[in-house]
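Read the structure below first, then the notes.
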Amino acid sequence: MFDRIWLNAKLATMDGEAGSPLGLVEDGAVAAKDGRIAWVGSRAALTGSATETTDCDGAWILPGLIDCHTHLVFGGHRAAEFEQRLNGATYEQIARAGGGIFSTVRATRAATEGELLDAATPRLLGLMAEGVTTVEIKSGYGLTLADEMKMLRVARRLGAQHPVEVVTSLLAAHAVPPDWPGGAEAYTGFVVDEAVPAAAASGLADAVDAFCEGIAFSPAQTARVFEAARRAGLPVKLHADQLSDLGSAALAARFGALSADHLEHASAGGLQAMAAAGSVAVLLPGATYFLREIRLPDVPAMRAAGLRMALSTDMNPGSSPARSLLLMLNLGCTLFRLTVTEALLGVTRHAAAALGLTDRGVLRPGLRADLSLFRVGHPAELCYWIGGNPCIGRVVAGR
């Protein structure tokens, strides 16, 4: 006896063979018991009954969508800076006037937990409405121990208050506060000696992230952060090779990172090292679009290396104010020339791998019953349409 069965559905299991990885089933069914998938396949082969049966009326069922890289919790916004740039102001002029990332840091520090929660909730609900069942949320706009922990607590509260799984990453190594005594080296010491141990001891962080770039942290400083994460028993992720090639992709691979994200300037050797290490490349087309970047991630080199590719919103107030994962499917295909199969795997199976989650991302017996239901004629439409939301339902852990 199953708890629930979904009948009269078309399935994209994301669990197919190499020649057909979407694993399409034209007349399928999914059964769940105790929050797990108990059966998936052709409706004709299903035996058994359930306490509750849902007729999906021909809708497509996919694994619950996963947004694996967001900065969803933050104070304020930067729409005024966006307008200033359109009117000709340079990044330097905006920064001198108090803008840039540190304007978000000030707003985040000034906000209470309740205010951050209220601001973040509609962003999260928008993702959920599109079929997202798991979302990663980073800190990184506090840059003090109290404020980084505050952001992580808000992320945990979001997961507790809504039917969605929230995975957290400590991103204290996001930027060096301009008023920090001793500069980047001293601030790196704070991240290593205080922030990482506190996040691990409190259970507020599931992973440690860093921004390795000329305007942020050097490879040596990033390695110190990753060594601290290793001592604390936390996996690592990395904002890598976004603006220049500092060998960050290879650095991520050396530490067995779950993922390296951005990668616009990553070398072929760095991408090969990631593939060998089992790391995932997380592509963020929202930032490319919003910043009008010309340099694109080397997707052909990623394919040649056999590197798994995920897609995410990178939702943040400065470089990717993107509140739609479905839009990222289209941008990933149009800007980065991903195939439909690559894009859909990028928000399901490979997005799960980018978070180190082995219990979701595909429709397979024994895994979490996380489902997204869409009223489309074919899954390719999820990548084709610009705007609109065909999601008609979500199931999170069987509910």
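This one's a predicted model, so the numbers in the text were calculated from it and none came from an experiment.
Side-chain contact between L338 and L311 is present, with heavy atoms from C-beta onward closer than 4.5 Å. Counting heavy atoms from C-beta outward, M14 and L22 have side chains that approach closer than 4.5 Å. Residues L357 and R368 have side chains not in contact (no heavy-atom distance under 4.5 Å, counting atoms from C-beta outward). Taking the side chain as every heavy atom from C-beta outward, L382 and L62 approach each other to under 4.5 Å. Here the side chains of R394 and P163 are in contact, with some heavy-atom distance below 4.5 Å. Side chains of L24 and W60 form a contact here, defined as non-hydrogen atoms less than 4.5 Å apart. Side chains of M128 and V135 form no contact here, defined as non-hydrogen atoms less than 4.5 Å apart. Between L127 and M315 the shortest side-chain heavy-atom distance falls below 4.5 Å.
Without hydrogens or angle criteria, H174 side chain to G140 main chain gives a donor-acceptor distance under 3.5 Å. Without hydrogens or angle criteria, D206 side chain to V167 main chain gives no donor-acceptor distance under 3.5 Å. R36 contributes a side-chain N or O that, together with a main-chain N or O of G366, makes up a donor-acceptor pair within less than 3.5 Å. E381 places a side-chain N or O within 3.5 Å of a backbone atom of G377 that can act as its donor or acceptor partner.
Shown are D261, N316, D209; of these, the side-chain hydrogen bond (donor to acceptor under 3.5 Å, both in side chains) with H69 is made only by D261.
With a 6.0 Å cutoff to the six-membered ring centre and a 45° limit on the axis angle, R123 counts as a cation-pi contact of F74.
Note: the hydrophobic cluster containing F374 does not contain V25 (ILVMFWY, side chain heavy atoms under 4.5 Å, direct or indirect links). There is no path of hydrophobic side-chain contacts, each under 4.5 Å, that joins Y141 to L171.
Looking at residues two or more places apart in sequence or on another chain, you find a side chain to side chain contact (heavy atoms under 4.5 Å, CB included) between P219 and C212, L246, L251.
The aromatic rings of W180 and Y187 lie perpendicular to each other, with more than 60° between the two planes, well past the 30° mark.
Between D55 atom CG and I5 atom CD1 the span is 12.0 Å, to the nearest 0.5 Å. Interatomic distance, M151 CE to I137 CD1, rounded to the nearest 0.5 Å: 9.0 Å. Once rounded to the nearest 0.5 Å, the distance linking OG of S259 with NE2 of H350 reads 13.5 Å.
The shortest non-hydrogen separation linking D359 to L367 is O-CB, 3.4 Å.
For residues 305-316, no residue pair satisfies the salt bridge (charged side-chain N to carboxylate O under 4.0 Å, His left out) rule, not counting sequence neighbours.
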